[in-house]
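What follows is a set of notes on a single structure, which appears directly below.
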Amino acid sequence: MRLLERIEVRTPIYHVNQVAAAESGLGMRSFSDKIPVLPEGNPDQLTLALVHALMETDVKRGIEALAAVTLPKIRAGRLPGTGKEAKSHV
């Protein structure tokens, strides 16, 4: 990480850890204090977890990522997890 920072590489790096590991009583171990740990129990929700983490570090890029993930679904008339069709105003 220090070498990447020296050459000004600003790619976000996250450590995705299964929730089962955190719930086992061992906790979640981090590779580094510079690499945030994302607890994840459902791989289908990984995209939203990454968008959430991105918003914590770069709000503008986080909002852009959220729009990139959700707007195509809204335009297609799908609301994830509801089983209902969306009424698109976009």
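Computed from heavy atoms alone, side chains included, the values below leave out hydrogens, waters and symmetry copies.
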When every non-hydrogen atom of Val51 is compared with those of Gly62, the smallest separation belongs to CG1-O, 3.8 Å

**Prompt:** Please walk me through it: do Val59 and Ile63 pass side-chain contact (heavy atoms from CB on, under 4.5 Å)?
**Reply:** CA-CA 6 Å; Val59 174; Ile63 291 171; 3.8 Å; yes

Spell out, yes or no, whether Met55 and Leu48 are grouped together once hydrophobic residues are joined by side-chain heavy atoms under 4.5 Å, including indirect joins. yes

The reported gap from CZ in Arg75 to OG1 in Thr70 (rounded to nearest 0.5 angstrom) is 9.0 Å

Heavy-atom nearest pair, Ala67 first then Pro72, reads O-CD, 3.7 Å

Checking Glu64, Lys60, Arg61 against Leu54 for side chain to side chain contact (heavy atoms under 4.5 Å, CB included), the one that qualifies is Arg61

State whether the number of non-hydrogen atoms from other residues, nucleotides or ligands found under 6.0 Å of His15 atom NE2 is greater than 12. yes

